[in-house]
Amino acid sequence: MAKRGFSIGEALGDGFRLVGQRPLSVFVWGLLMLVPSLIPILILAPAFMNMPWAELTAGSGASDSAAFNDYILRSNLANLLSYALQLLVYGMLGAAVYRLVLDPARGRRRLFGLGLGMDELRVAVSYIALFVAVMAVMIALILVAVGAGLALWPVLSEGGRAMGVFVMMIASLLAILLIYARVCLIPPAFVAVQDFEFGVGWRLGAGQTWRLVGMTLAIWLLVIVIMFVAYMVLAAVGFGLGMALGLSTVLPESPAELFDYVASNPQVAWLSVLILPLCWVYGLTGVMGLAPYASAVRQLTPTDAIAEPAAPDTNEL
């Protein structure tokens, strides 16, 4: 029988504890999170550089359609590859974080907690299923809103129509949030029971919906604050480093000017060191977006089904 509730503070605290116990793993996870974005850039870069930017900037139109065709082809390929890499990376990252929160002993047997096995497959499958489910809910809400609008629009005043649209928007957003908060327990539940059983995670959230909504909002707010502070700090550091390197504060206005700027200022490569703290910040936000739900699953599951977190190992990565 499941426990009566879970602590939002403990769930968030488990995320911070994992970050404190495995700071190097957090950096590696953040680096992995950047891969789905960086690889497509490498694919698009050659076609991007071959675009007739001078003609486009002059407004005379492009004479080389082959460059556009190559860019479109590479763009489609990059998008497909990016989606596949996102599924792989987030499947690995999700499984790693869930394992370490649910049963740290399982995660400690792996380098940086990562692996490629059934846990990763379960998490990837659950993400696909949850995306489809949320999209289905959104489509259903749109159909309901359209039907209600067609039925009530002729009999409502202008003010009533505006109020009706506002109420439908709020109700739709709330419905999506309620569903999202509940289904977020399904991926860590997959890892907990080591099976493809969607009902387990959904049942664990029974009677906990509003608490899950509160935790979800707290996670989103926390991630926004972390990213805002990190970007402000990194922007200030980057500006100071750029000044120290003698870089101009006038930014290029077109891709062609950007290429010329980089070619004439090779010291701009030093700014790439900022990707190191950025990776750690990405890893931090990734952990804080995943760990609380795994903690909620652990707290809502009978103690004899999932091991309680053990004391941290001093040699953890």
| said: Looking at every non-hydrogen atom in both residues, tell me the closest pair between I219 and G289 and how far apart they are. | reply: CG2-CA, 3.9 Å

| request: Indicate, with yes or no, if Y180 and W210 share a hydrophobic cluster defined by side-chain heavy-atom contacts under 4.5 Å among Ile, Leu, Val, Met, Phe, Trp and Tyr. | output: yes

| With a cut-off of 6.0 Å (strictly less than), are more than 12 heavy atoms of other residues, nucleotides or ligands near CZ of F131? | no

| Do D14 and R298 touch side chain to side chain, with heavy atoms closer than 4.5 Å? | yes

| Would you say the side chain of L88 lies within less than 4.5 Å of the side chain of L116, judging by non-hydrogen atoms? | yes

| field | Neighbour count >12 (heavy atoms, 6.0 Å) for atom CE, M118 | value | yes

| request: Please say whether more than 12 non-hydrogen atoms of neighbouring residues, nucleotides or ligands are located less than 6.0 Å from CE in M227. | output: yes

| query | Hey, is the main chain of L18 close enough, under 3.5 Å, to the side chain of Q21 for a donor-acceptor pair? | reply | no

| Taking a hydrophobic cluster as the set of Ile, Leu, Val, Met, Phe, Trp and Tyr residues connected by side-chain heavy atoms closer than 4.5 Å, whether directly or through intermediates, do V229 and Y282 fall within one such cluster? | yes

| So, W29 side chain and L114 main chain: donor-acceptor pair closer than 3.5 Å or not? | no

| message | Would you compute the distance between atom CD of E197 and atom CD1 of I186 and round it to the nearest 0.5 angstrom? | response | 11.0 Å

| request: Work out which heavy atom in Q299 is nearest to a heavy atom in A11; give both atom names and the distance. | output: NE2-N, 3.8 Å

| note | CG of L221 to CD1 of I226, rounded to nearest 0.5 Å, is 10.0 Å

| query | How many angstroms lie between OG in S295 and CG in L290, if you round to the nearest 0.5 Å? | reply | 12.5 Å

| remark: One should read off an interatomic distance between M92 CE and D119 CG, to the nearest 0.5 angstrom, of 12.0 Å

| said: Return the CG to OH distance between L93 and Y98, rounded to the nearest 0.5 Å. | reply: 8.5 Å

| field | Heavy-atom closest contact (V287 atom, G15 atom, distance) | value | CG1-O, 3.6 Å

| request: Please report the C-alpha distance between L174 and V213 in whole Å, then the side-chain angles of each, then the deciding distance to 0.1 Å, and finally whether the side chain to side chain contact (heavy atoms under 4.5 Å, CB included) criterion is met. | output: CA-CA 9 Å; L174 181 59; V213 168; 5.7 Å; no

| query | Any side-chain heavy atom of M215 sitting closer than 4.5 Å to one from L212? | reply | yes

| said: Measuring only between side-chain heavy atoms, which start at C-beta, is Y231 closer than 4.5 Å to L278? | reply: yes

| query | Do M288 and L31 sit in the same hydrophobic cluster, where Ile, Leu, Val, Met, Phe, Trp and Tyr count as joined when their side-chain heavy atoms come under 4.5 Å apart? | reply | no

| Closest non-hydrogen atom pair, F27 against C279 | CE1-CB, 3.6 Å

| query | CG/L85 to CG/L32 distance, rounded to the nearest 0.5 angstrom? | reply | 10.5 Å

| field | Heavy-atom closest pair, residues V297 and A192 | value | CG1-CB, 4.1 Å

| Would you call E120 and R99 a salt bridge, taking side-chain N to carboxylate O under 4.0 Å as the test? | yes

| said: Using side-chain heavy atoms (C-beta onward) and a distance below 4.5 Å, is L185 in contact with W202? | reply: no

| said: Do Y90 and Y83 land in one hydrophobic cluster if side-chain heavy atoms of ILVMFWY residues count as linked below 4.5 Å? | reply: no

| message | Looking at every heavy atom in both A124 and L87, which two are closest together, and how far apart are they? | response | O-CD1, 3.7 Å

| Do R122 and V191 have side-chain heavy atoms sitting under 4.5 Å apart? | no

| Mind checking whether F16 and L222 have side chains closer than 4.5 Å, heavy atoms only? | yes

| query | Under a single-linkage definition using a 4.5 Å side-chain heavy-atom cutoff for Ile, Leu, Val, Met, Phe, Trp and Tyr, are V89 and L24 assigned to the same hydrophobic cluster? | reply | yes

| query | Side chains of P187 and L130: closer than 4.5 Å at any heavy-atom pair? | reply | yes

